[in-house]
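Just below is one structure, and these are the notes that go with it.
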Amino acid sequence: MTSAAPTYLAQALRRPRYLLTGWPWRALAYLFTSVPLAGVLSLGPLVVLAPLVAATNAARQGRPVPLALSVFLTVGALIVVALAPLISVPVAAFERYRLGLVDNRPLPAAPWRGLAARYTTGTAWREAAHLFVLGGLVPAVYWLFTMVVLLDAVLIVSPFVVAGGDEVVLLWATPDTAAEAIPHAIVGVLLVPVLWYAAGALAMAQGTVARWLLRSAPDGLALREVTRSRARLVDAYEAERRRIERDLHDGAHPRLTSLSLQIGLARLDVPEDSPAARPLAVAHEQAKGLMVLLRQIVQGIRPQSLTDLGLAGAVRELADEATIPVEVHAELRRAVPETVETTAYFVVSEALGNVARHAGATRAQVRLTDTGTELVVEVSDDGRGGADPARGSGLTGLADRVAAAEGRLLLASPPGGPTIVRVELPCNA
């Protein structure tokens, strides 16, 4: 079966036919369109860095730093920081549009909340941080990559340059003849596909950082608590448990009792040395054991893997059975109460089920952390996001189970992903 086409550059880079697709050209277009944007934005850091370098040199030479330079440095830095949240608005809008070159997943913008919100929300300051990445880090990395590309170009053309009578000085050698330069040219040609991959990796890294900084989440990670009425849930759970117990007592239990009595009577009619005596005794014990087992089921269903493997082992078993790669990180320093352990297991099971059914993800991660006062369960994926408890995705039922254990469930799932389900379960005892 043909695998689905990649939706973003990181997926495309993992495909063996990457260089034969349009993704390398899309990555190159993303890099080229970054150059003028980064060039303009680099003026902001230069306003601060140039006077700072001058002041540092003066201090190193033992000369007093001019007062005008110190004032300019301070005022310039304050102006740059003050303007960054405002300038980031059009830049972030353009960057979200431009990210379509390397990532087909949508990245909606955060709604405008007024001028004051540009200085008081985490989303605005992450967009401002994106400005400094574009204006400070990107030019330095691009300059280094350009030097590598130019060096490779020199390697390729070195035989022609030497044959024309000019001198080529490489970092490690100075070929005098075209024959001496040919091995360097061969190395340069072999490095061309490597540089194509490197350009894709550079575009992927820049796009990933931009997507992380520009994802529109209402105030930070947007961990929204899915709350339910704990008292109502506990009452409903107890009522359901009593109903099941009554059905078992009035229905299955009498039949099992009758079966056990019939087997017991049959044992009395069979001599002890009869071949049927042993199977009847075993059947009698199994019937009595089944009644005990049913009572235990009424008290609370507990997966056998939890008893055999513990929480971390049982979660890893769930990860192995998942349809996508799932990483499990467990930091459990002690045994947690059985009710907490069971709730955490079903949280992971339901969350991974939702990832497989709805997220369209390529990988997921489960993290179990014992903070000393509570067990924190986090399930994240790189899918399309947009999970909403109101759409019946199973999250409300999961929140019910968590609330019954006196915990809380929090959700972060902006459109375009990623999705994070975080559950906090108190386990002081």
Side-chain angles (χ1 to χ4, degrees), residues 105 212 215 217-218 220-228 230 233 237 300-332 336-371 374-427:
R105 296 174 296 178
W212 180 73
R215 60 183 180 182
L221 278 177
L223 289 173
R224 299 179 287 116
E225 184 171 4
V226 184
T227 56
R228 313 295 286 175
R230 183 168 296 138
L233 293 171
Y237 172 79
I301 299 174
R302 179 176 172 83
Q304 187 63 35
S305 58
L306 274 177
T307 304
D308 297 339
L309 304 175
L311 180 58
V315 168
R316 290 190 175 94
E317 187 176 81
L318 287 175
D320 292 338
E321 296 171 355
T323 57
I324 62 173
V326 179
E327 296 181 12
V328 178
H329 303 278
E331 300 175 9
L332 305 177
V336 297
E338 284 191 4
T339 55
V340 173
E341 196 175 53
T342 304
T343 303
Y345 175 87
F346 283 113
V347 164
V348 175
S349 178
E350 176 67 21
L352 291 181
N354 285 340
V355 170
R357 290 190 297 270
H358 309 297
T362 60
R363 60 182 60 250
Q365 184 180 90
V366 178
R367 186 174 295 275
L368 306 171
T369 307
D370 181 5
T371 65
E374 61 185 10
L375 175 66
V376 178
V377 182
E378 282 191 356
V379 182
S380 59
D381 66 77
D382 62 352
R384 65 176 65 96
D388 186 357
R391 293 204 300 262
S393 60
L395 289 171
T396 52
L398 201 57
D400 287 350
R401 180 184 288 272
V402 171
E406 298 186 349
R408 64 173 186 164
L409 183 147
L410 303 106
L411 172 69
S413 186
T419 294
I420 301 175
V421 176
R422 177 185 173 98
V423 168
E424 299 170 356
L425 298 167
C427 54

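Values in this document were obtained by computation on a predicted structure and should not be read as measured data. Values below: all heavy atoms of this structure, side chains included; hydrogens, waters and symmetry mates excluded.
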[X] versus [Y], closest heavy-atom pair with distance:
| X | Y | answer |
| --- | --- | --- |
| Leu375 | Cys427 | N-SG, 3.5 Å |
| Val340 | Pro426 | CG2-O, 3.5 Å |
| Ala312 | Leu368 | CA-CD1, 4.3 Å |
| Glu424 | Val376 | CG-CG2, 4.3 Å |
| Val355 | Ile324 | CG1-CD1, 3.6 Å |

What distance do [X] atom [atom1] and [Y] atom [atom2] have between them, rounded to the nearest 0.5 Å?
| X | Y | atom1 | atom2 | answer |
| --- | --- | --- | --- | --- |
| Glu331 | Thr369 | CD | OG1 | 4.5 Å |
| Glu341 | Leu425 | CD | CG | 11.5 Å |
| Leu352 | Asp381 | CG | CG | 9.0 Å |

| Got a sec, which residues hit salt bridge (Lys or Arg N to Asp or Glu O under 4.0 Å) with Asp370, two or more places apart in sequence or on another chain? | Arg334
| side-chain contact (heavy atoms from CB on, under 4.5 Å), paired with Arg367, selected from His329, Arg422, Glu327 | His329
| message | Pair Thr419, Leu411 - check side chain to side chain contact (heavy atoms under 4.5 Å, CB included), show working. | response | CA-CA 8 Å; Thr419 294; Leu411 172 69; 4.1 Å; yes
